[in-house]
**Student:** 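Shown below is the structure under consideration.
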Amino acid sequence: MRIHSLEIQAFGPFAGREVVDFDALGAHGLFLLNGPTGAGKTSILDAICYALYGSVPGARQEGRRLRSDHADAETAPEVVCEFSARGRRFNVVRNPQWSRPSRRGGGTTTEQAHTLLSEWVDGAWVEKSARNDEAAAEITAILGMNREQFTRVVMLPQGDFAAFLRSDARSRRDLLQQLFNTDRFEKIELQLGAEAARARSVWEDRQSELERTRQRAVEAWSAHAGSWAGNHEIEGSAITGPEDASTGETTSLTVSAMLEQLKSVAAAMLASAQEHRVQMESARSASSEAQSRCERREALNEYRRRRHAWNSAQDQAADISTALQLHRKAEALASSFHRVEEALKVATAREQDTAARRQSLNQNSLWIAGPHHGQRVLEDVLTAESRAAGRTLGAIEAGLPDEHRLHGFIQERRSLQESVQKDGRRHAELLTGLDQRRQTKKDLEEKSAELVPAANSLKVAEQALESAFLQEKAVAENVARIALAEDIRGRHVQAKETALDKKAFCLALMRTRLEQASAELASRLLDDRPCPVCGSQIHPAPAVVGDGSLVSKEDEDRARQDQDTAESELESVAAKLSLVREEISALVARGGDQSSETVAGAVASAQNAVQTARTAAIDLADVQLRVSGIDQQIREDEELSSTLKDSLAESRQRLGHLEKDITTLEGRLLDLRAGHNTLAERKRAVAQYRDQLDEAREAAGRARAGREAATDAEAHLMSELAHAGFASVSDARMARLDPPTVRSFEEQDAARLREHIEVDALGDSIVVQAARADEEKAVPILDQAGLVELREVAQSTEEHYTQSRVQAGILAESVTQATGHVMKYEELERDAEPLRQQWELLGELAETARGGGDNTYRMTLGTYVLAARLEQVAIAATERLAAMTDGRYALVHSDARSGNRKSGLSLHVTDEWTGASRDTSTLSGGESFMASLALALGLADVVQQESGGVEMETLFVDEGFGSLDEQSLEQVMDALEGLRDGGRIVGLVSHVAEMKQRITAQLEVVKERTGSSIRFRELSV
């Protein structure tokens, strides 16, 4: 992963837009990021992290405070980062949430955070995502690491890793968990514990079910144990308890023996029931046979009684049979009687219908009444009249098209008359409206001419208002600058006096030192040593200092330095005073020396003039718009007026033609209507008349046919009466019986026949034949008391059988239930052992994963994984540390226990010079820095490999170089130089002066009152 460029705007301490070209820094490989405390060095790293993940590291993550307080209120905070990873190039733009001034009214409006992630594809940027969370997830997937891992791999916080060296196992565990995401192994620990608990629960449930099954088997045995005692019908059944004699506990063998005992008892009860059944069937047979002999004797007596009664009723039955025969002959002629009656009814009804229709014709004005004697003559007259009416209808049909045309002409005339009236009124209204609009247009044009001068003065008024605002601002700034100048003038006077005092003091010291030169030389003379002035080794009278102490060279240099400082301060204050005076002169040239009241009056006057001009301009635009709309309406109304005028002329001409056509058609249709309003009305009248004629003719034909049918029916009836043997119609009517009498005679005849058949069948039945055989053999017949005694014996044997059968059934059901319980018990007992073994195995495995059981290191699964990662980190860090310390020190991971504490995350440093191993907390400041830097680099390598092997081509190393001596610093720099292999960019964050001299490419953050800025410096070697 390589960062190409970074743009920061209104972010952190940066008020404006700052651009960092990391590709340009890449040409140097190693660059220094420096600047004073609080300038914003860390903010650059925060901006990179925010661009990629939408948040900044650690406690600085307060998204609503990311915006710079130095930035202009309208400037939006923004971070733009262009980077490449896995052979792809991306650009991400993020804007954190911020509050901007409201565009309407006062107050502020909150702008939500925005994100835009793009990818360079085929020579153009293609949008990938515009959602905050989605873009962060996409970048996390591309880089293969989350924010915490990124800040540890790319932004190496040396101070954090120094604390990591000195921390205990718990603190190391927290950091390593964040970097290597070992939550899944902790979940495995929890899952193993849950699986072990689940296996134990399953085994305990199986044990409980096993006990419940045993109890059910015992209950099935115990339910019958009480009924076995004293039952003499169950022989050879030894009754024993379900518990083992030695232990008092039920085993599968005891339960099986209990089942066999149940089966034996059930078999004995079943045999007893079979014996009772044989006794019951024998008693039932004897009782049934005695009952059958009694019933056969009763059937024989019944046959003899019914036979005698049937023979006595034969004479009465013959009279009934003769009456029924005559009735049936007369009844056969009923249909003929009915036909005659119906024919007479139909003939009468048809003659009445014909008379009614003729009466209706007499009321029609088209009918010419006459005598018309006879049905046949009437039919002929009606036929002739119907044909004449049909010919009249044909003539009317021929005239219908002319009448339709006449109706169309009349409708068109009515429509045209209405249209002419409507268009005439509308044309008059249009002419009146046109006059009014032309007058309105004239009035608006006059008003427009009056508004033009005032509207044209708007631009001049606005310029005057802008000049007034500038002058007002200049007056305010001038007042502030005058106050500032007074303050600086006081400081200038004070600085000038201080500088003069310092200069006078320095000159006095110089004069004094010149005066004390001989004494100073004398103070350096030594016995037997030559004088530096005369060369003599004898110093008879060396000069001595007068009053006061000796002024040294250091005193003179200190006084001169104080003088230089005071003069520099004087020059700085003088420069500021000159700058303020120049600003005041510039403000005076812009009118800043005017009074505030005068300027305020000018601003108010200019504002009034602008407001007046703007109002006039608005009114002028409105008037011009109205004039344009009226012009358009006048043109449209003139066109519509011309169109209406032409339409009226055409309509009036068409009305004249219609009047002629209507007069001609009305004269032609007058005869055809024959006094009716329309041909359609006359057509309906003639058609109705023809329908009446046709219906009357058909009715006359039906009446004639009905009378002929009645005559034929009467002749047929007389023929059938003679054939049936009746002399007249009255004889036939007398032979017919009423329905109740017929039903009574038929029921008596049918009953006599049924009785004859039943008596013959009873005499031939097996029961009566058997009774005759018993009578011939003189078989004794029991009385009612003997039959009751036999039934009581049969009932007693049946009750014994039922009781034994029920007991046998209950025992059989108990055997079935007990068999199921025993089979289930044995199955559960076989399955319980594997479940116990599984529970013990999972329990031991879960306990080991928690750091207990046979786990001698007391190390959890998550700690074991972290220990393996820490071991990899120690190996990678040792390679870096060996290069920095000439192979002296090595970081070693230890999984040894300390007392009762769990092991796994200990670190030691091995000194190759002494062969001793010691704790990392005993390292000196410089050694600790090198070890923490090596640990940070090693951890970055391991995390990089863990996240998918993404090559990190841009690295930042934090402070800590000030604790190194010259040789150690050289070794560390050599190690950092090695990080540049393969084109990697390494940025060092440091305040150390020697670093500024050693590293030529420098990214300097400059702190100012108006906000920080970034500049790139390249020093010559």
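Predicted model only: the values in this text are computed from it and were never measured. Hydrogens, waters and symmetry mates play no part in the numbers below; they use all other heavy atoms, side chains included.
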**Student:** Assess whether a salt bridge exists between E82 and R2, defined as any Lys/Arg side-chain N lying under 4.0 Å from an Asp/Glu carboxylate O.
**Tutor:** no

**Student:** Any idea which heavy atoms bring H70 and T1010 closest together, and the distance?
**Tutor:** CB-O, 3.4 Å

**Student:** Salt bridge or not for R88 and E119, using N-O below 4.0 Å?
**Tutor:** yes

**Student:** Quick test of your reading of the model: are R635 and D631 salt-bridged, counting only N-O distances below 4.0 Å?
**Tutor:** no

**Student:** Within the side chain of T440, is there an N or O that forms a donor-acceptor pair under 3.5 Å with the backbone of Q436?
**Tutor:** yes

**Student:** Can you tell whether the side chains of R489 and E486 come within less than 4.0 Å, N to carboxylate O?
**Tutor:** yes

**Student:** Would you name the heavy atoms of A39 and P13 that are closest together and state the gap between them?
**Tutor:** O-CG, 3.4 Å

**Student:** Please determine, by modelled atom types, if R414 and Q417 share a side-chain donor-acceptor pair under 3.5 angstrom.
**Tutor:** no

**Student:** Pairing donors with acceptors under 3.5 angstrom, does anything connect the side chains of Q633 and D637?
**Tutor:** no

**Student:** As an exercise, state the distance from CZ of R581 to CG of L484, rounded to the nearest 0.5 Å.
**Tutor:** 11.5 Å

**Student:** Y50 vs I8, test: side chain to side chain contact (heavy atoms under 4.5 Å, CB included). Steps then yes/no.
**Tutor:** CA-CA 11 Å; Y50 181 78; I8 309 173; over 6 Å; no

**Student:** Checking side-chain polar atoms at under 3.5 Å, does T108 have a donor or acceptor matched by the opposite partner on R100?
**Tutor:** no

**Student:** State, yes or no, whether a side-chain contact exists between L465 and Q607 at a heavy-atom distance under 4.5 Å.
**Tutor:** yes

**Student:** Could you check whether R17 pairs with E78 (Lys NZ or Arg NE/NH1/NH2 to Asp/Glu carboxylate O, under 4.0 Å)?
**Tutor:** yes

**Student:** Got a second to check how far L444's CG is from I630's CD1, nearest 0.5 Å?
**Tutor:** 5.0 Å

**Student:** Once ring-ring contact (aromatic ring centres under 6.0 Å, His included) is applied, what residue pairs with a partner in residues 111-136 remain, sequence neighbours excluded?
**Tutor:** W120-W125

**Student:** When you compare the side chains of Q632 and E636, does any donor N or O come within less than 3.5 Å of an acceptor on the partner?
**Tutor:** yes

**Student:** Within a strict 4.5 Å, meaning less than it, do heavy atoms of the S1013 and F14 side chains meet?
**Tutor:** no

**Student:** So D443 and Q439, side chain to side chain donor-acceptor pair (under 3.5 Å) or not? Walk me through it.
**Tutor:** CA-CA 6 Å; D443 296 342; Q439 182 60 39; 3.3 Å; yes

**Student:** Check whether more than 12 heavy atoms from other residues, nucleotides or ligands sit under 6.0 Å from atom CD of E466, and answer yes or no.
**Tutor:** no

**Student:** For atom NZ of K1007, decide whether the heavy atoms of other residues, nucleotides or ligands shown that lie under 6.0 angstrom number more than 12.
**Tutor:** yes

**Student:** Checking F83 against L52 for the side chain to side chain contact (heavy atoms under 4.5 Å, CB included) test, could you report, in this order, the C-alpha distance in whole Å, the side-chain angles of both residues, the deciding distance, and whether it holds?
**Tutor:** CA-CA 9 Å; F83 68 96; L52 296 178; 3.6 Å; yes

**Student:** I'd like to check R654 versus R413 (side-chain heavy atoms, cut-off strictly below 4.5 Å). Are they in contact?
**Tutor:** no

**Student:** In Å, rounded to the nearest 0.5 Å, how long is the span from CZ of R67 to OG1 of T75?
**Tutor:** 6.5 Å

**Student:** Looking only at heavy atoms, which two atoms of R147 and C49 are closest? And how far apart?
**Tutor:** CG-SG, 3.4 Å

**Student:** Heavy-atom distance under 4.5 Å between the side chains of S568 and S572, does that happen here?
**Tutor:** no

**Student:** Is the number of heavy atoms from other residues, nucleotides or ligands under 6.0 Å of E446 CD greater than 12?
**Tutor:** yes

**Student:** What pairs with A135 under side chain to side chain contact (heavy atoms under 4.5 Å, CB included), at least two apart in sequence or on another chain?
**Tutor:** R94, T115, L117, S129

**Student:** Does A136 offer a backbone N or O that forms a donor-acceptor pair with the side chain of T140 under 3.5 Å?
**Tutor:** yes

**Student:** Any donor and acceptor pair, going by atom type alone, linking the side chain of S642 with main-chain N or O of E638 inside 3.5 Å?
**Tutor:** no

**Student:** To check you understand the geometry: which heavy-atom pair defines the closest contact between S448 and L620, and what is its length?
**Tutor:** OG-CD1, 3.2 Å

**Student:** Are the side chains of V126 and S118 in contact, using a 4.5 Å heavy-atom criterion?
**Tutor:** no

**Student:** Please confirm whether the backbone N or O of N608 pairs with a side-chain atom of T612, one donor and one acceptor, at under 3.5 Å?
**Tutor:** yes

**Student:** What's the spacing between D619 CG and Q624 CD if we round to 0.5 Å?
**Tutor:** 11.0 Å

**Student:** How about Q494: does its CD atom have over 12 heavy atoms from other parts shown lying under 6.0 Å from it?
**Tutor:** no

**Student:** Would the distance check show the side chain of S467 and the main-chain N or O of Q463 forming a donor-acceptor pair, the cut-off being under 3.5 Å?
**Tutor:** yes

**Student:** Less than 4.5 Å apart, any side-chain heavy atom of I44 and any of L6?
**Tutor:** yes

**Student:** Side chains of E138 and K128: closer than 4.5 Å at any heavy-atom pair?
**Tutor:** yes

**Student:** Assess the residue pair V92 and L116 against the criterion (side chain to side chain contact (heavy atoms under 4.5 Å, CB included)); give the C-alpha distance rounded to whole Å, side-chain angles, the decisive distance to 0.1 Å, and a yes or no.
**Tutor:** CA-CA 6 Å; V92 59; L116 178 62; over 6 Å; no

**Student:** Provide the closest heavy-atom pair for V20 versus I1014 in the form atom of the first, atom of the second, distance.
**Tutor:** CG2-CD1, 4.0 Å

**Student:** H4 and side-chain hydrogen bond (donor to acceptor under 3.5 Å, both in side chains): which partner among T954, D21, N91, D23?
**Tutor:** D23

**Student:** Quick check: closest heavy atoms across R481 and V580, and the distance to 0.1 Å?
**Tutor:** O-CG1, 3.5 Å

**Student:** Output side-chain donor-acceptor pairs under 3.5 Å for residues 422-434, partner residues at least two apart or in another chain, one line each.
**Tutor:**
from: D423; atom 1: OD2; to: S419; atom 2: OG; distance (Å): 3.4
from: H427; atom 1: NE2; to: S641; atom 2: OG; distance (Å): 3.0
from: T432; atom 1: OG1; to: A428; atom 2: O; distance (Å): 3.2

**Student:** Please lay out, stage by stage, how S68 and F11 fare under the test side chain to side chain contact (heavy atoms under 4.5 Å, CB included).
**Tutor:** CA-CA 5 Å; S68 175; F11 187 89; 5.9 Å; no

**Student:** Return the OG1 to NE2 distance between T678 and H404, rounded to the nearest 0.5 Å.
**Tutor:** 9.0 Å

**Student:** Around atom CZ of R626, are there more than 12 heavy atoms of other residues, nucleotides or ligands at under 6.0 Å?
**Tutor:** no

**Student:** Could you tell me the separation between the CG atom of D661 and the CD atom of E412, rounded to the nearest 0.5 Å?
**Tutor:** 9.5 Å

